Amino acid sequence: MNTLPEPSRNAGLSRLASFIAQSLSHYSKSRNFDFGPERRSNVSLLSPYIRHRLILEREVLDATLQRHSLSSSKKFVEEVFWRTYFKGWMEQHPDVWIDYRASVAGLIKALDSNANLKRRYADAVTGGTGIDCFDAWVRELEQTGYLHNHARMWFASIWIFTLRLPWQLGADFFYRYLIDGDPASNTLSWRWVAGLHTKGKTYLAVSSNIARYTDRRFDPGQTIATTAQPLTESRVFPLRELSQPEVLPTDGDYGLLITEEDGCAENLPIDGRPKTILGALATRQRSPLAVGQPATEFTLGAVADALRRATQHFAVDGQLAETEDWSNLLAEWAEQHQLKTIVTGHAPVGPVSEMLNIARGHLEKKGVRLTQLRRPYDSVIWPHATRGYFKLKARIPHVLEQLDIKAADEVVDTRSAAV
Ligand SMILES: Cc1cc2nc3c(=O)[nH]c(=O)nc-3n(C[C@H](O)[C@H](O)[C@H](O)COP(=O)(O)OP(=O)(O)OC[C@H]3O[C@@H](n4cnc5c(N)ncnc54)[C@H](O)[C@@H]3O)c2cc1C
């Protein structure tokens, strides 16, 4: 079976360079094929690096468009924008995440009192449904921490419309095992398949489509549902205004906190040098249930790599925390180093943001301020992610211009801009 991809920025950058040089030109034609775990050169496999910001979306777009025109790389660029869209949309609809978290906790408790649900759920997550493709994807996910995008769509569709299991438990299963597990992309993709994100529009997995795009490795025939009635929900999730980006305070010593949300601290919009650096993990907070080994290992490696680079870059000491009790951890760290401020890359909606919100109150009582720095890339694009993706998609050329990202056939000179 596949080994875990190396969780480092260098590995992400070299994967990006080789994908752009060798595979990008075939991407739009071949990307929908899932040839199996041993044959993945038709997609970039960059998602775990992008998710933890070991490499930045902006760098991916820059590198792509330095070599390719926008029209020839359009599909790939649009996929990167899907990610940014989901991040921005969730940031402006945080109640969706709060509701999801509460549902997962409730449903996991309900497993103890509902024997039927418990058995059907156990069959699904152990790969014992008898639907060959689905059971194989369960094993692949657990072993590698990755599934092809098309397999994720088929899987979620079968989970919801054939197995008739709650979508939240499926999203939780993915989130616990994916090495690119992301609160926004994962939760909103599951909602999209269920017909909750684009209201009334579901994604139905069709046997002939699975057979064709798995290169005939699978054909579930009559074993999967042939209709997909959209799920409904009574709650309405309001649009919340984006908070103003915070700025780096100029007074006093600050400590730099590195989390799994931003593994590129050396190019955060920071002037000067932190006094010290701390790497902290929140991986176990993904779910009340256990998180898979590949996801745990990749995240740990990503934060350790980010910490190593940041300590070198700023030439200061750093340490990797072992505890996930951030209230005490951050307060003790601030006291130990006499910090007035803790600075970290902005943590979008998700467990890290939850942990920071809890720690913030604790820190304030001790006179320590917590500052989250948002990247210009997010500040430019997120305001466009209030409604459907296609509204943002139509603005991609405009947004690229705003970010000063020019495509190969339009480049006048080389430049470096804010990331
Ligand atoms: C049910 C479901 C759950 C998903 N959960 C996650 C998740 O937790 N984390 C995650 O990063 N992606 C998630 N995706 C999106 C997508 O499947 C993966 O990003 C993609 O398969 C990663 O492989 P790749 O890097 O080779 O992608 P490529 O096809 O090479 O795409 C390049 C990059 O674009 C972004 N991207 C591509 N497709 C999507 C998409 N549909 N939505 C958002 N971003 C996209 C990723 O950052 C990806 O690395 C999910 C999709 C579905 C249907």
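Order of appearance sets the numbers: ligands from 1, and atoms from 1 within every ligand. Bear in mind that the values here come from a model prediction, so they are computed numbers and not experimental data.
- The closest protein non-hydrogen atom to atom 29 (O) of ligand 1 is Tyr27 OH, 2.5 Å.
- A distance of 10.5 Å separates CD1 in Ile342 from CH2 in Trp326, rounded to the nearest 0.5 Å.
- Ligand-side atoms of ligand 1 in range of Gly181: 8 (O), range being under 4.0 angstrom from any heavy atom.
- Ring geometry for His150 versus Tyr213: interplanar angle of 30 to 60°, hence tilted.
- Remark: the Tyr377 side chain and the Thr84 side chain contain an N/O donor-acceptor pair separated by less than 3.5 Å.
- The shortest heavy-atom distance from Leu178 to ligand 1 is under 4.0 Å.
- The protein non-hydrogen atom at the shortest distance from atom 17 (O) of ligand 1 is Asn149 OD1, 2.7 Å.
- Proximity to Trp190 (heavy-atom distance under 4.0 Å) selects the following atoms of ligand 1: 1 (C).
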Let me check something: any side-chain donor-acceptor pairs from residues 300-308 under 3.5 Å, sequence neighbours excluded? List them with distances.
from	atom 1	to	atom 2	distance (Å)
Asp305	OD2	Arg9	N	2.9
Asp305	OD2	Arg309	NE	3.0
Asp305	OD2	Arg309	NH2	2.9

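- Summary of contacts: the protein heavy atom closest to atom 23 (O) of ligand 1 is Tyr146 OH, 2.8 Å.
- A salt bridge does not link Arg83 to Glu78: none of the charged side-chain nitrogens sits closer than 4.0 Å to a carboxylate oxygen.
- For ligand 1, the polar-atom distance check finds no N/O of Phe86 at less than 3.5 Å from any of the ligand's N/O atoms.
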Would you please test Ser8 and Glu6 for side chain to side chain donor-acceptor pair (under 3.5 Å) and show each step?
CA-CA 6 Å; Ser8 73; Glu6 187 189 312; 2.8 Å; yes
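- Residue Ser189 places no N or O, backbone or side chain, under 3.5 Å from any N or O of ligand 1.
- Looking at Asn42 and Ser30, their side chains never bring a donor and an acceptor atom within 3.5 Å of each other.
- Among Tyr203, Phe155, Phe19, Phe76, the residue whose heavy atom lies nearest to atom 32 (C) of ligand 1 is Phe76.
- What sits closest to atom 22 (C) of ligand 1 on the protein, heavy atoms only, is Ser47 OG, 3.2 Å.
- Considering backbone and side-chain atoms together, Arg51 places no N or O closer than 3.5 Å to any N or O of ligand 1.
- A parallel orientation is assigned to the rings of Trp89 and His93, their planes being inclined by less than 30° (bins at 30° and 60°).
- In this structure, atom 40 (C) of ligand 1 lies nearest to the protein heavy atom Trp82 CB, 4.0 Å.
- Backbone and side-chain nitrogen or oxygen atoms of Asp182 are examined, and one is located within less than 3.5 angstrom of a nitrogen or oxygen of ligand 1.
- The main-chain N or O of Gly181 is never found under 3.5 Å from a side-chain atom of Asn186 such that the two would form a donor-acceptor pair.
- Glu79 O, 3.4 Å is the protein heavy atom nearest to atom 35 (C) of ligand 1.
- Any N or O atom pair closer than 3.5 Å counts here, and Leu46 shares at least one such pair with ligand 1.
- Interatomic distance, CH2 of Trp82 versus CG of Leu188, reported as 9.5 Å (0.5 Å rounding).
- Looking only at heavy atoms of the protein, atom 30 (O) of ligand 1 is closest to Ser44 OG, 2.6 Å.
- Scanning the protein heavy atoms around atom 3 (C) of ligand 1, the nearest turns out to be Asn186 OD1, 3.4 Å.
- Near Arg83, the atoms of ligand 1 lying under 4.0 angstrom from a non-hydrogen atom of the residue are 43 (C), 44 (N), 47 (O).
- Considering backbone and side-chain atoms alike, His148 places every N or O at 3.5 Å or more from each N or O of ligand 1.
- Between Arg31 and Glu79, at least one side-chain N (NZ, or NE/NH1/NH2) sits under 4.0 Å from a carboxylate O, which counts as a salt bridge.
- When the heavy-atom distances from atom 12 (N) of ligand 1 to Lys75, Arg152, Arg191 are ranked, the shortest goes to Arg152.
- Residue pairs satisfying the ring-ring contact (aromatic ring centres under 6.0 Å, His included) criterion with at least one member in residues 108-135, sequence neighbours excluded, are listed as follows: Phe134-Phe155.
- The pair Asp99-Arg191 does not meet the salt-bridge criterion, since no charged nitrogen lies less than 4.0 angstrom from a carboxylate oxygen.
- Within the 4.0 Å heavy-atom criterion, both parts of Asp180, backbone and side chain, lie near ligand 1.
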